[in-house]
Amino acid sequence: MQMVELNGITVHYADQGDPNGAPVVFSNSLGTDFRLWDRLLPHLPKGLRLIRYDTRGHGLTGAPDGDYFMGDLVTDAAALLDHLGVKNCIFVGLSIGGMIAQGLAAERLDLVRGLVLSNTAAKIGTPAMWQDRIEAVRKGGIAALEAAILERWLSPRWRQENPVELAGWRHMLCRTPVAGYLGCSAAIAQTDLFDSTARLTLPTLAIAGSEDGSTPPDLVRETADLVKGSKFHLIRGAGHLPCVEQPEEYAAVLTTFLEEQGHV
Ligand SMILES: O=C(O)CCC(=O)CC(=O)O
């Protein structure tokens with residue numbers, strides 16, 4: 001287990017692969033932790049340094065009470081990369097992780113040389129939608145929303161064919177600290193990265209899932225279009241978590257991007 005105290009919280013991370021390899025960093029979505037990437041990593045080329053961490057409020061990372069701000073989440077990611085001596089990584093972020101990716105590239109371009117914006121956007125939902133969600137979780141816990149969330153995360157076909165694994169994702173979601181879920185929901189509610197993302201010029205790949213009920217393909221494409229020269233890839237048949245449903249295709253498109261950047 002790898003833990004470090006940063007920015008006032010304990011951060012849980014995994015630094016795997018080749019310690020001298022080109023770094024690829026992974027940032028998870030709301031209600032998951034760094035096991036989000038478990039099915040993907042075995043399909044990536046050897047020789048990379050693969051760093052994953054649990055976002056503030058998730059997994060084994062600290063989950064303070066109160067609203068979080070996107071700036072906190074970006075500072076957490078930057079502090080971890082500084083701690084690990086990582087520069088010039090390719091940063092892969094899914095959903096809120098993709099917002100962190102956009103914020104990090106805007107604030108600390110010395111750390112990042114390319115972005116993978118997976119199932120994310122410059123702005124996700126509306127403040128009113130997030131306030132409703134926050135109130136529902138305060139009242140009934142995450143379990144009150146669990147069925148609807150899983151429907152957005154994973155396609156009907158995958159859920160039907162993988163009932164046992166589906167139970168694991170349900171457990172991960174429902175065991176997310178409520179303070180962490182609420183804190184990160186507040187951060188998403190307050191975030192609109194349109195202006196700063198429109199100023200980004202680094203190589204960017206956007207990935208969407210055709211069945212994604214949280215960040216539908218058109219929303220992901222809109223954000224990709226903000227970054228000049230970005231690429232867009234649609235994974236057909238996958239929901240909000242395509243790295244879980246279709247890890248081979250996800251790995252293939254990510255590997256092509258890494259090769260194009262001379263990162264492998
Ligand atoms: O997944 C995220 O990080 C936020 C987007 C979202 O709404 C996820 C969900 O459907 O619960």
Side-chain angles (χ1 to χ4, degrees), residues 26-37 52-59 61 63 67-70 72-74 76-77 91-104 115-138 140-156 158-159 166 169-178 180-193 206-220 222-223 235 238-245 250:
F26 296 88
S27 182
N28 60 278
S29 59
L30 181 66
T32 69
D33 60 39
F34 76 43
R35 290 172 289 182
L36 177 63
W37 309 103
R52 302 179 280 166
Y53 71 100
D54 292 338
T55 299
R56 178 180 286 253
H58 290 74
T61 290
D67 288 359
Y68 305 167
F69 297 91
M70 194 52 63
D72 297 326
L73 306 179
V74 170
D76 293 343
F91 197 97
V92 184
L94 198 148
S95 205
I96 189 173
M99 293 181 128
I100 295 168
Q102 294 167 66
L104 188 67
L115 292 184
V116 179
L117 303 181
S118 180
N119 307 77
T120 192
K123 178 173 168 29
I124 300 177
T126 61
M129 182 211 102
W130 286 105
Q131 198 48 47
D132 288 349
R133 198 187 293 203
I134 287 167
E135 276 159 26
V137 170
R138 280 210 182 106
I142 297 173
L145 302 182
E146 161 231 298
I149 292 173
L150 289 169
E151 281 176 19
R152 295 193 292 267
W153 280 11
L154 298 156
S155 68
W158 193 92
R159 280 183 274 125
L166 177 64
W169 292 102
R170 179 180 298 116
H171 296 158
M172 186 187 285
L173 170 65
C174 292
R175 291 173 192 171
T176 301
V178 168
Y181 194 90
L182 294 177
C184 282
S185 295
I188 299 172
Q190 295 159 9
T191 298
D192 183 347
L193 296 159
I207 299 177
S210 64
E211 310 303 309
D212 185 346
S214 308
T215 50
D218 284 353
L219 184 70
V220 180
E222 248 175 59
T223 294
I235 301 191
H240 191 51
L241 309 181
C243 52
V244 173
E245 284 197 52
Y250 199 106

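Every number for a ligand or one of its atoms is a count from 1 in the order of the listing.
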At a non-hydrogen distance cut-off of under 4.0 Å, which region of [X] contacts ligand 1 (side chain, backbone, both, or neither)?
X    : result
N119 : neither
R133 : side chain
I96  : both

Going by the order shown, which atoms of ligand 1 are within less than 4.0 Å of some heavy atom of [X]?
X    : answer
I188 : 4 (C)
I149 : 11 (O)
S95  : 1 (O), 2 (C), 3 (O), 4 (C), 5 (C)
L30  : 1 (O), 2 (C), 3 (O), 4 (C)
S29  : 1 (O), 3 (O)

Handout entry: Short side-chain donor-acceptor distance under 3.5 Å, H240 and T215
Key =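 Their side chains do contain a donor-acceptor pair, which is all the 3.5 Å distance test asks for.
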Fill in the blank from the handout: Rounded to the nearest 0.5 angstrom, the OG1-OH distance for T191 and Y68 is 14.0 Å
Exercise for the section: Nearest 0.5 Å please: distance from the CD1 atom of I124 over to the CD1 atom of I188. Expected result: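 Going from CD1 on I124 over to CD1 on I188, the span is 5.5 Å.
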So which heavy atom on [X] is nearest to which on [Y], and how close?
X    : Y    : value
V220 : L117 : CG1-O, 4.3 Å
M70  : I100 : SD-CG1, 4.0 Å
L154 : R159 : O-NE, 2.8 Å
K123 : M99  : CA-CE, 3.9 Å

Handout entry: Polar contact flag for R152 and ligand 1 (N/O pairs, less than 3.5 Å)
Key = yes
Handout entry: Nearest protein heavy atom with distance in Å, relative to atom 10 (O) of ligand 1
Key =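 Checking every protein heavy atom, the shortest distance to atom 10 (O) of ligand 1 gives S214 OG, 2.5 Å.
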